[in-house]
Amino acid sequence: MKSKLPVIIISIFVTYVAFVAVIMLTYDPSPDEMRWEDRQAYNKAMMAEISIGQSIAEIKSLFGKADFTEAKISNEQHLQVLFYRTHHVTSDGETSKEECTPLLFKQGVLIAWGEDTYNQYLASQIDS
């Protein structure tokens, strides 16, 4: 009588390969689960997809958790800046604000992003 062991081993192997293929084709990691290099490339690509007027919730669902965040009230308006890593500057193992693109929100709505955005935020007067 022939042994069924090779058939069982081949069946298990084929099942495993099929399982891995399905996972690889359907799994899409969230930005928070990506390695920093992949997340940086993802964030840079997604910057082209955003537009003025998007809510902070929409942006967070696209980009995930911000690398840095700041907030204040200026002229009775709530301002918030989210920083997302988009470019490499220093190989020190840490993400700095200089390696991030700032996104400025007023009352929870995106009003600006890019290099000058953080300066606009800093220049706005704080309510007393």
Side-chain angles (χ1 to χ4, degrees):
M1 230 199 284
K2 290 185 175 181
S3 173
K4 292 185 179 182
L5 186 60
V7 173
I8 293 171
I9 291 173
I10 290 172
S11 297
I12 291 172
F13 179 74
V14 168
T15 303
Y16 173 75
V17 169
F19 173 76
V20 170
V22 167
I23 295 300
M24 294 297 290
L25 292 173
T26 60
Y27 178 70
D28 191 21
S30 72
D32 294 331
E33 297 170 334
M34 296 177 186
R35 292 182 34 223
W36 74 265
E37 297 98 335
D38 296 333
R39 185 168 186 215
Q40 177 177 290
Y42 173 82
N43 288 346
K44 191 171 187 175
M46 291 307 295
M47 287 292 167
E49 303 296 321
I50 62 175
S51 59
I52 299 293
Q54 284 185 282
S55 72
I56 198 166
E58 289 175 296
I59 296 299
K60 285 181 177 181
S61 72
L62 285 174
F63 289 92
K65 188 182 92 176
D67 292 288
F68 301 97
T69 185
E70 294 182 11
K72 68 180 178 180
I73 296 176
S74 177
N75 298 324
E76 299 182 23
Q77 300 288 318
H78 295 273
L79 298 177
Q80 186 169 3
V81 181
L82 301 181
F83 295 85
Y84 289 97
R85 184 183 181 122
T86 55
H87 50 284
H88 179 78
V89 175
T90 306
S91 294
D92 59 3
E94 298 290 325
T95 297
S96 65
K97 286 184 184 176
E98 292 75 30
E99 296 173 316
C100 297
T101 298
L103 285 75
L104 179 59
F105 297 84
K106 182 165 83 173
Q107 301 298 98
V109 175
L110 182 64
I111 61 168
W113 70 89
E115 290 182 33
D116 295 331
T117 299
Y118 189 57
N119 292 329
Q120 293 171 10
Y121 169 79
L122 291 175
S124 61
Q125 301 201 354
I126 299 174
D127 289 346
S128 303

May I ask whether [X] and [Y] are part of the same hydrophobic cluster, defined by side-chain heavy atoms of I, L, V, M, F, W, Y residues being less than 4.5 angstrom apart, directly or through others?
X      : Y      : value
Leu103 : Ile52  : yes
Tyr16  : Leu5   : no
Leu110 : Leu104 : no
Tyr118 : Ile50  : no

So do the side chains of [X] and [Y] get within less than 4.5 Å of each other, counting heavy atoms only?
X      : Y      : result
Tyr84  : Arg39  : yes
Glu99  : Asp67  : no
Pro102 : Tyr121 : no
Leu82  : Phe63  : no
Thr95  : Trp36  : no
Thr101 : Asn43  : no

*Atom CD of Glu37: over 12 foreign heavy atoms under 6.0 Å*: yes
How long is the gap from [atom1] on [X] to [atom2] on [Y], to the nearest 0.5 Å?
X      : Y     : atom1 : atom2 : result
Ile59  : Ile56 : CD1   : CD1   : 9.0 Å
Trp113 : Gln54 : CH2   : CD    : 7.5 Å
Leu122 : Lys72 : CG    : NZ    : 6.0 Å

*Could you pull out all residues at least two apart from Lys97 that satisfy salt bridge (charged side-chain N to carboxylate O under 4.0 Å, His left out)?*
Glu70
*Leu62 versus Tyr42, closest heavy-atom pair with distance*: O-OH, 2.8 Å
_Distance-minimising heavy-atom pair for Ser74 and Leu79_ = CB-CD1, 3.7 Å
*Sub-3.5 Å donor-acceptor pair from the side chain of Thr69 to the main-chain atoms of Val81, do we have one?*
yes
*Using atom types as modelled and distance alone, determine if a side-chain donor or acceptor of His87 lies under 3.5 Å from a backbone N or O of Glu98.*
yes
